[in-house]
**Q** 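Structure in structure tokens, see below.
Residue numbers begin at 1 in each chain, while the letters A, B, ... track the order of the sequences.
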Protein chains: 2
Amino acid sequence: MAVTIYKIAEKAGVSSSTVARVLRGDLKESWKGTSERAARIRQIAEEMGYQPNLRARAFSRGKTHGIALLYTNDAWIFEGVNSQVVNSFVRALRAQGYHLVFVPVDSDGEWEEIVRGGQVDGCMMLQRMPKSVNDVLKETGLPIVVLGDNADPALPHVTVDDFGGAFSATKHLLSLGHQRVGLFVHSTIKPHCSVEQRRAGYESALDEANLESQLFWRVSENEVVDVLIRAEKRPTALLCYSDLEATMIVHAMWKYGIKIPDELSVVGFNDSFATRHMTPPLTSVAYDAEKLGEIGADLLFKQMSAPSFSVDQPAAIQINQKLNVRGSTGPAHLK
Amino acid sequence: MAVTIYKIAEKAGVSSSTVARVLRGDLKESWKGTSERAARIRQIAEEMGYQPNLRARAFSRGKTHGIALLYTNDAWIFEGVNSQVVNSFVRALRAQGYHLVFVPVDSDGEWEEIVRGGQVDGCMMLQRMPKSVNDVLKETGLPIVVLGDNADPALPHVTVDDFGGAFSATKHLLSLGHQRVGLFVHSTIKPHCSVEQRRAGYESALDEANLESQLFWRVSENEVVDVLIRAEKRPTALLCYSDLEATMIVHAMWKYGIKIPDELSVVGFNDSFATRHMTPPLTSVAYDAEKLGEIGADLLFKQMSAPSFSVDQPAAIQINQKLNVRGSTGPAHLK
DNA sequence: ATGAAAGCGCTAACAG
DNA sequence: CTGTTAGCGCTTTCAT
């Protein structure tokens with residue numbers, strides 16, 4: 001049988017509340033006699049190997065200190081930069097005594113029990129959820145934060161300035177003299193706000209320069225490569241939706257003997273580890289993943305401390321992107 | 001105020017125990033009158049939007065249905081194949097009504113409160129933990145499973161046959177006529193059992209063939225590349241600790257115009273997604289990550305159902321590796 | 001099969 | 001500051 005505050009109280013000859021208060025540090029201990037007794041209680045607790053029962057505490061307080069990470073797609077949460085976001089989010093939670101609970105959203109509805117049954121005190125999402133899921137979440141009134149998507153503006157969210165990122169990346173290419181700049185989004189990319197935003201930023205920059213866009217929209221890498229190696233008016237620069245696309249292209253270009261950046265400039269997104277070690281290192285647009293996680297956690301904590309928060313006006317925060325210029329982009333050499 | 005079994009009991013004119021039993025399905029409902037009443041209770045619960053309070057249940061039952069994923073290193077749990085293991089582990093837990101809780105093991109000792117305070121019913125680890133951590137875990141008596149490492153044989157674990165994997169990969173290279181086969185382990189690789197096992201498998205295969213090993217042990221890729229492009233007796237085949245090393249090497253070879261597999265055969269480990277799409281696709285040794293996660297969950301559940309399980313004899317399970325031969329390995333062309 | 005009642009261990013409101 | 005007391009909502013005896 002585990003050690004409880006009652007056992008300690010008995011041994012110390014005080015009431016259980018006193019023990020609880022002392023061990024929780026809820027006491028000023030101003031007077032000398034008090035602090036001596038407190039010390040004795042702590043000592044006894046230590047000796048008996050007391051450990052607060054977190055289940056009882058959760059029950060009594062009505063809080064588990066758990067935050068759900070809701071996700072519908074296995075791989076997504078681990079993909080590239082997302083894992084960094086999750087890591088920093090976990091750290092931020094931990095700093096406040098909270099922990100992350102993995103909750104895959106499947107058809108069997110177990111996620112709903114967890115969310116409705118008070119197994120967690122809040123929810124985080126890294127992707128857009130079906131409307132039915134959002135509805136349930138709103139019903140529960142739990143604090144919520146969505147990272148990297150704003151499909152449902154009624155949910156507090158932190159997004160990334162993908163428009164700005166794509167815009168400045170395109171500008172960078174234009175400033176290098178490129179006249180034909182393509183945008184490549186692979187067919188496997190799931191729809192979420194950053195796709196559209198990046199496209200808009202890209203097109204906007206081209207518009208300003210009175211140049212035409214050249215979209216490779218939701219196609220396989222082969223279709224892009226075909227154009228890059230054969231077409232008369234092939235792009236001399238390619239903005240890729242992510243570093244994954246960029247990597248595919250760079251590989252293919254090597255294979256066909258097309259030099260980067262001399263014959264093709266390539267820009268990626270997310271600045272993943274591997275691409276910094278490519279030859280040449282990849283120019284890439286990226287945001288501060290750590291920061292995204294931290295801000296997300298903050299937003300959650302704000303809601304927890306101010307119940308009316310999310311009702312009044314859902315928060316919408318946006319963080320910047322930065323263009324990291326490396327070796328994969330260079331001046332245009334037009335034929 | 002949330003709907004409780006008492007509210008339902010009142011409305012249905014029965015006792016709370018009956019409600020609890022009906023809703024939990026603890027009833028045979030053999031007699032007609034009984035089953036009718038049960039139906040009515042269910043109906044009322046439904047109408048009132050009853051949702052069992054999981055905190056109360058956890059408190060009462062003494063189980064949270066949470067399993068901790070303990071880890072000391074951020075990136076590790078998300079790296080390559082590990083994410084697949086975690087995913088399948090989560091699915092297996094979920095199938096039994098359990099969920100995964102992220103518990104970073106840091107110096108502040110919060111992990112200890114979680115583990116000792118009964119916030120979780122069991123623990124999983126994907127890497128070796130400091131002895132002090134293992135000791136605490138043993139003390140709690142919680143079910144435990146370690147995936148991919150067996151540093152502490154007293155802990156139930158599931159490992160991968162890295163010896164066999166490296167052995168058969170090396171055999172494959174030898175059968176292609178290679179006489180100088182190197183092994184490359186990058187300097188960033190953390191020590192764990194697979195490193196040693198792969199080395200042993202590699203050396204064992206070479207021993208059998210009376211060939212000398214050529215180790216690139218915990219070095220940077222540049223040191224390996226230097227040898228590969230310059231050395232007189234350079235290896236004609238290279239076994240890499242993981243696909244990451246293999247990718248680095250393949251890139252570098254491209255850069256220096258060394259053809260793969262004609263001038264160098266390369267084998268990786270883990271068969272990660274990206275390397276299947278390399279040019280040429282990478283020959284790689286891999287295990288079934290899904291299976292590892294499932295077996296791990298099984299092992300945990302076995303311990304939960306049989307309290308004496310882990311005391312009697314800690315379980316040690318090993319799963320096979322498979323060599324996936326692709327384009328990056330070919331016949332040796334000795335100069 | 002059902003109901004009454006006693007926990008589970010901690011928190012919090014209330015008197016003293 | 002301390003002790004008493006009443007929950008928190010469900011599970012689990014133990015009678016009936």
**Q** Would you kindly give the CZ-to-C1' distance between A:R55 and D:dC10, to the nearest whole Å?
**A** 14 Å

**Q** Both A:R37 and B:Q51 contact DNA chain D. Which one's nearest nucleotide lies toward the 5' end?
**A** A:R37

**Q** A:N53 has an atom CG; how far is it from atom C1' of C:dG7, in whole Å?
**A** 14 Å

**Q** I want to confirm an ordering. Mapping B:F59 and B:G13 to their closest nucleotides on DNA chain C, which one lands closer to the 5' end?
**A** B:G13

**Q** Who are the ring-ring contact (aromatic ring centres under 6.0 Å, His included) partners of B:F89, not counting sequence neighbours?
**A** none

**Q** Can you check the B:I41 CD1 to C:dT2 C1' distance for me, whole Å?
**A** 10 Å

**Q** Mind calculating the distance between CZ (A:R40) and P (D:dC1) to the nearest angstrom?
**A** 17 Å

**Q** Just how far is it from atom CD1 of A:I8 to atom CD of A:E46, taken to the nearest 0.5 Å?
**A** 10.5 Å

**Q** Measure NZ/A:K63 against C1'/C:dG9 and give the value in whole Å, please.
**A** 19 Å

**Q** Mind listing the N/O atom pairs, protein and nucleotides 12-16 of chain D, below 3.5 Å?
**A**
none

**Q** Using the side-chain heavy atoms of B:Y6, tell me which of these nucleotides is nearest: D:dT11, C:dC10, D:dG3.
**A** D:dT11

**Q** In whole angstrom, give the distance that lies between atom CG of A:L23 and atom C1' of C:dG9.
**A** 13 Å

**Q** Taking only the side-chain nitrogens and oxygens of B:R57, find out if one of them lies under 4.0 Å from OP1 or OP2 of D:dT11.
**A** yes

**Q** Between P on C:dC10 and CD1 on A:I5, what's the gap in Å once rounded to a whole number?
**A** 5 Å

**Q** Looking at B:D106 and A:R91, is any side-chain nitrogen of the basic one under 4.0 Å from a carboxylate oxygen of the acidic one?
**A** no

**Q** Does any pair with a residue in residues 100-128 of chain B pass ring pair (Phe, Tyr, Trp, His ring centres under 6.0 Å), and if so which ones, sequence neighbours excluded?
**A** A:F102-B:F102, B:Y71-B:F102

**Q** As a test of understanding, state which of B:L300, B:V90, B:I67 forms a side chain to side chain contact (heavy atoms under 4.5 Å, CB included) with B:Y98.
**A** B:I67

**Q** For D:dG3, does OP1 or OP2 lie under 4.0 Å from any side-chain N or O of A:S15?
**A** yes

**Q** Are the side chain of B:R55 and the backbone N or O of A:G62 linked by a donor-acceptor pair below 3.5 Å?
**A** yes

**Q** Measure CD1/B:I8 against C1'/D:dG9 and give the value in whole Å, please.
**A** 12 Å

**Q** Got a sec: does the CD of B:E47 have more than 12 other heavy atoms crowding it under 6.0 Å?
**A** yes

